[in-house]
Amino acid sequence: MHQLLSRLLLSAALLTPLAQAAELKLELPQGNRSWSTEQLLSHPQAQQIEIAADVAYKRAMSYRAVPLAALLDGVQPGDHLQAVALDGFAAELPAAPLLATQGARAWLAVEDPAQPWPALAAGKPSAGPFYLVWQNPEAAQIGPEQWPFQVVRFRLLAPVAQRFPALLPAADASAEVRAGFAVFQKNCLACHRLNGAGDSQFGPDLNIPHNPTEYFAGNFLRQYIRDPQSLRRWPQGRMPGFSSETLNTSELDQLISYLRHMREYKNTLSGKSL
């Protein structure tokens, strides 16, 4: 009996995802730098922090973390950064909030292999090896897409509009459409491309071959953005819903205006990064 129990426990342990030491890569103005898990855990500014409403785990969490600003050598408030995750998620991040020391504050949470974080869901890995978390995110209107987890790289890049001109609305676009482009960058570009433009490998293109405003009738696109599983329910569905707290009604209208505008500007040739 004891031998059977031991084997069952061993089998369960083998099936449980284990945290492993990892390497964070930084591509910044001062050059490229890599930080190992061990180096980050022992960083002079590393400390235990509390996150009251964690986006990935949807509950309060405690992490060993380093202020992200301490790792961003040479980065200026007007710069633009991208956080790249293991699964191809690519979050576009203005540098100013990442560098702030008051109000909303960005931290790089570091998973300790000796004390691994919980799985994100049954059969799923954790949010490690590195996770960008925020204290007081409401102070800078930090949205869920600015909490990238399973991060492996941060890199300094030109702003989105410079890198991907295929995303730009027409010069005579309305103010609402231009505002919608900003909403798209903040909330959609981390997972989706449009006109082949973007760095994410996570979700489908939102204009090629068809724009969602071409096949969602009535208010179904709004419903889908608010609660994807209410229209298309399947276990592998990965798109999160955007609540009114994350994306208010005005911003949702702006986003849809931008998408509707861009369906008239399908371009498969200029979607590559400059």
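Here, residue 1 is the first one in the sequence, and each next residue gets the next number.
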Quiz item: Which atoms form the tightest heavy-atom contact between P77 and L99, and what is the distance?
Solution: N-CD1, 3.6 Å
Practice problem: Heavy atoms only: give me the nearest E111-G128 pair and the separation to one decimal. | Solution: OE1-CA, 3.3 Å
Quiz item: Residues in side chain to side chain contact (heavy atoms under 4.5 Å, CB included) with T249, at least two apart?
Solution: R226, D253
Practice problem: Taking all non-hydrogen atoms of both residues into account, name the closest pair between A127 and Y57 and its distance. | Solution: N-OH, 3.1 Å
Quiz prompt | Partner set under side-chain hydrogen bond (donor to acceptor under 3.5 Å, both in side chains) for E23, not counting sequence neighbours | solution = none
Self-check item: Pairs involving residues 139-161, ordered by first then second residue, that meet salt bridge (charged side-chain N to carboxylate O under 4.0 Å, His left out) (sequence neighbours left out)
Solution: E27-R153, R155-D199
Practice problem: Name all residues meeting the side chain to side chain contact (heavy atoms under 4.5 Å, CB included) criterion together with L168; count only those two or more places apart in sequence or in a different chain, and write none if there are none. | Solution: A161, P165, F181
Exercise. Can you sort out the partners of T37 under side-chain hydrogen bond (donor to acceptor under 3.5 Å, both in side chains), two or more places apart, ordered by chain and number?
Key: none
Quiz item: How would you list, by chain and number, every residue that makes a side chain to side chain contact (heavy atoms under 4.5 Å, CB included) with A182, sequence neighbours excluded?
Solution: none
Practice problem: Could you tell me whether the side chain of L71 reaches within less than 4.5 Å of the side chain of H43, counting heavy atoms only? | Solution: yes
Quiz item: I49 and S62: side-chain contact (heavy atoms from CB on, under 4.5 Å), yes or no, with the steps?
Solution: CA-CA 6 Å; I49 64 166; S62 178; over 6 Å; no
Practice problem: Test M262 against N195 for side-chain contact (heavy atoms from CB on, under 4.5 Å), laying out the working first. | Solution: CA-CA 9 Å; M262 293 305 293; N195 279 343; 3.8 Å; yes
Exercise. Apply the test side-chain contact (heavy atoms from CB on, under 4.5 Å) to residues E251 and K186: give CA-CA distance (whole Å), side-chain angles for both, the deciding distance (0.1 Å), then the verdict.
Key: CA-CA 11 Å; E251 291 169 329; K186 180 179 179 180; 5.6 Å; no
Exercise. Answer whether the closest heavy-atom distance between the side chains of P118 and M61 falls below 4.5 Å.
Key: yes
Quiz prompt | Smallest separation among heavy atoms of P113 and A21, with atom names | solution = CG-N, 3.5 Å
Quiz item: Roughly how far apart are F184 CZ and L189 CG, rounded to 0.5 Å?
Solution: 5.0 Å
Quiz item: Between D227 and S230, what is the shortest heavy-atom contact and its length?
Solution: O-OG, 2.6 Å
Quiz item: Do you know the tightest heavy-atom contact between V152 and A85?
Solution: CG2-C, 4.2 Å
Practice problem: May I ask you to decide if the ring planes of Y63 and W117 are parallel, tilted or perpendicular, using 30° and 60° as cut-offs? | Solution: perpendicular
Quiz prompt | Under the side-chain hydrogen bond (donor to acceptor under 3.5 Å, both in side chains) test, residues paired with Q47 that sit two or more places apart | solution = none
Quiz prompt | Within residues 55-75 or reaching into it, pairs that qualify as salt bridge (charged side-chain N to carboxylate O under 4.0 Å, His left out) - sequence neighbours excluded | solution = none
Self-check item: Plane angle bin for Y131 and F149 - parallel if under 30°, tilted between 30 and 60°, otherwise perpendicular
Solution: perpendicular
Quiz item: Is any side-chain heavy atom of L157 less than 4.5 Å from a side-chain heavy atom of L81?
Solution: no
Self-check item: Intermediate values then yes/no, side-chain contact (heavy atoms from CB on, under 4.5 Å), I208 and L194
Solution: CA-CA 7 Å; I208 304 296; L194 188 144; over 6 Å; no
Self-check item: Any side-chain heavy-atom pair of L93 and Q82 under 4.5 Å
Solution: no
Practice problem: Check side-chain hydrogen bond (donor to acceptor under 3.5 Å, both in side chains) between N211 and all other residues, then give those that pass, not counting sequence neighbours. | Solution: N207, T213
Quiz item: Got a sec, which pairs hit salt bridge (charged side-chain N to carboxylate O under 4.0 Å, His left out) with one end in residues 212-221, sequence neighbours left out?
Solution: E214-K266
Quiz prompt | Counterpart residues, side chain to side chain contact (heavy atoms under 4.5 Å, CB included), relative to P204 (two or more places apart) | solution = H192
For a quick test of your reading: what N or O donor-acceptor pairs under 3.5 Å do the side chains of residues 132-143 make, sequence neighbours left out?
unit_1 : atom_1 : unit_2 : atom_2 : d
W134   : NE1    : Q146   : O      : 2.7
Q135   : OE1    : W107   : NE1    : 3.0
Q135   : NE2    : E50    : O      : 3.3

